[in-house]
Amino acid sequence: MIPLRPNIATMDGYVPGFQPPDIASWIKLNTNENPYPPSPTVKEAILRELGEDGASLRTYPSASSELLRQTAGRLYGFDPSWIIMANGSDEVLNNLIRAFAAEGEEIAYVHPSYSYYATLAEIQGARVRTFSLTDKFRLADFPSRYQGKLFFLTSPNAPLGFAFPLDYIEELAERCDGMLVVDEAYADFAAGNALDLVRRHENVVITRTLSKSYALAGMRLGLAIARPEVTAALNKIRDHYNLDRVAQAACVAALHDQPYFSNHCELIKQTREFFTQELREINYTVISSEGNFVFATPPDRDGQRVYDGLFERKILVRHFSDPLLAHGLRISIGTRLEMEQTLSALREIG
Ligand SMILES: *Cc1c(COP(=O)(O)O)cnc(C)c1O
């Protein structure tokens with residue numbers, strides 16, 4: 001027997017969304033990737049970083065991702081000491097658990113939201129508690145004082161797409177004895193965000209990713225915004241060179257090209273509104289979304305049947321077997337043409 005820790009030996013491990021090998025032959029709407037390429041300045045910056053013969057790769061990258069933190073700090077209105085860069089926001093979520101929750105201590109998240117928090121807690125040996133939602137998308141059972149070490153609030157929520165109002169998030173922050181982590185992976189597609197709460201409450205952390213809104217899922221770039229005491233702790237935990245040179249160059253270029261970024265976010269939001277309306281025309285129930293995806297329920301509430309029908313037509317969406325979600329599908333927003341093709345397929349499937 002290999003002497004693994006028992007929690008690692010028995011855990012299932014997270015299963016990411018399916019990435020088909022023949023990706024070009026699918027309409028791929030299952031992992032909330034951006035349908036558009038990143039800003040053209042990203043490729044230029046990567047090639048410039050590599051240089052003629054790739055010699056820059058001989059030397060280690062900036063350990064503190066200095067330029068990125070300055071750029072992100074300017075963009076979001078924070079001193080760079082309040083920013084920590086991550087190799088995908090998944091990395092910083094992991095390090096938050098390592099920093100705040102010892103073995104046997106409790107973390108919490110909303111069910112349904114991003115189930116990866118549970119996997120990360122399991123690795124750490126932390127206990128997990130979930131809070132459920134009312135039909136008005138508020139927490140059904142959040143205590144007047146929550147004493148767990150960390151509470152992960154995904155807003156906009158994935159997979160449902162709604163966002164919590166700012167004053168409600170603030171009230172939750174005040175009710176948390178531990179840290180409130182607002183996972184804002186989709187905030188760039190939303191009407192608002194919770195950045196102000198980081199300034200007002202010392203227990204609030206915001207996480208962001210460049211995977212979705214900046215079209216850089218393949219590059220693995222995320223960040224957290226928090227008090228310098230928190231970023232200093234997270235800095236002790238992470239790999240010293242967590243972002244490679246190429247990713248750092250890509251990140252700075254992507255954050256600088258705000259006109260390209262805003263135009264493409266706007267396009268995705270317009271397509272989302274178009275797709276939502278058309279789905280409602282064919283009697284789907286659609287939650288109004290502030291992300292780059294919608295959660296849609298067919299009239300017969302059989303998500304699996306519609307998933308299979310789309311799969312046969314080489315359209316990949318996300319179906320969850322979770323009983324709270326099995327009646328619907330999470331469909332990422334692609335190009336206008338991809339969404340029109342998806343709508344035709346849905347009309348055919350009936
Ligand atoms: C996609 C996603 C992440 C992970 O982002 P990466 O930066 O790609 O690791 C985190 N949280 C939520 C809610 C997401 O949907």
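Numbering of ligands and ligand atoms starts at 1, following listing order.
Relative ring orientation between Y60 and Y241 is described as parallel, the plane-to-plane angle staying below 30° on a 0-90° scale split at 30° and 60°. Ring orientation note: the planes of H319 and Y307 are tilted relative to one another, at an angle of 30° to 60°. In this pair, Y117 and F152 present their aromatic rings parallel. The plane angle is below 30°, not in the 30 to 60° band.
Those atoms of ligand 1 with a heavy atom of G88 less than 4.0 angstrom away are 7 (O), 9 (O). The distance from ligand 1 to the heavy atoms of S211 drops below 4.0 Å at these ligand atoms: 6 (P), 7 (O), 8 (O). Which parts of ligand 1 touch R220 is read off a 4.0 Å heavy-atom cut-off, strictly below it: atoms 6 (P), 8 (O), 9 (O). Against a heavy-atom cut-off of under 4.0 Å, T154 is close to the following atoms of ligand 1: 13 (C).
Nearest protein heavy-atom contact of atom 14 (C) of ligand 1 is K212 NZ, 3.0 Å. Looking at atom 15 (O) of ligand 1, its nearest protein heavy atom turns out to be Y186 OH, 2.6 Å. Of the protein's non-hydrogen atoms, D183 OD2, 2.7 Å is the one closest to atom 11 (N) of ligand 1.
Note that the OH atom of Y186 and the CD atom of E290 stand 14.0 Å from one another [nearest 0.5 Å].
Seen from the ring of Y214, R208 does not count as a face-on cation partner, given the 6.0 Å and 45° thresholds. With Y168 as the aromatic partner, R138 meets the cation-pi criteria of under 6.0 angstrom to the ring centre and within 45 degrees of the ring axis.
Heavy atoms of A185 come nearer than 4.0 angstrom to ligand 1 in at least one pair.
By the 3.5 Å distance cut-off applied to N or O atoms, Y117 is not counted among the residues near ligand 1. Between T209 and ligand 1, a contact under 3.5 Å exists for at least one N or O pair. Backbone and side-chain nitrogen or oxygen atoms of D90 are examined, and one is located within less than 3.5 angstrom of a nitrogen or oxygen of ligand 1.
Contacts of E91 with ligand 1, taken as heavy-atom pairs under 4.0 Å, are absent altogether. Residue S89 touches ligand 1 through backbone and side chain together, judged by heavy-atom distances below 4.0 Å.
Judged purely by distance below 3.5 Å, without hydrogens or angles, the side chains of T154 and D183 never pair a donor atom with an acceptor atom.
For E33 against K28, the heavy-atom pair with the smallest separation is OE1-NZ, 2.8 Å.
Annotation for E202: atom CD does not count as buried by contact number, only 12 or fewer foreign heavy atoms lying within 6.0 Å.
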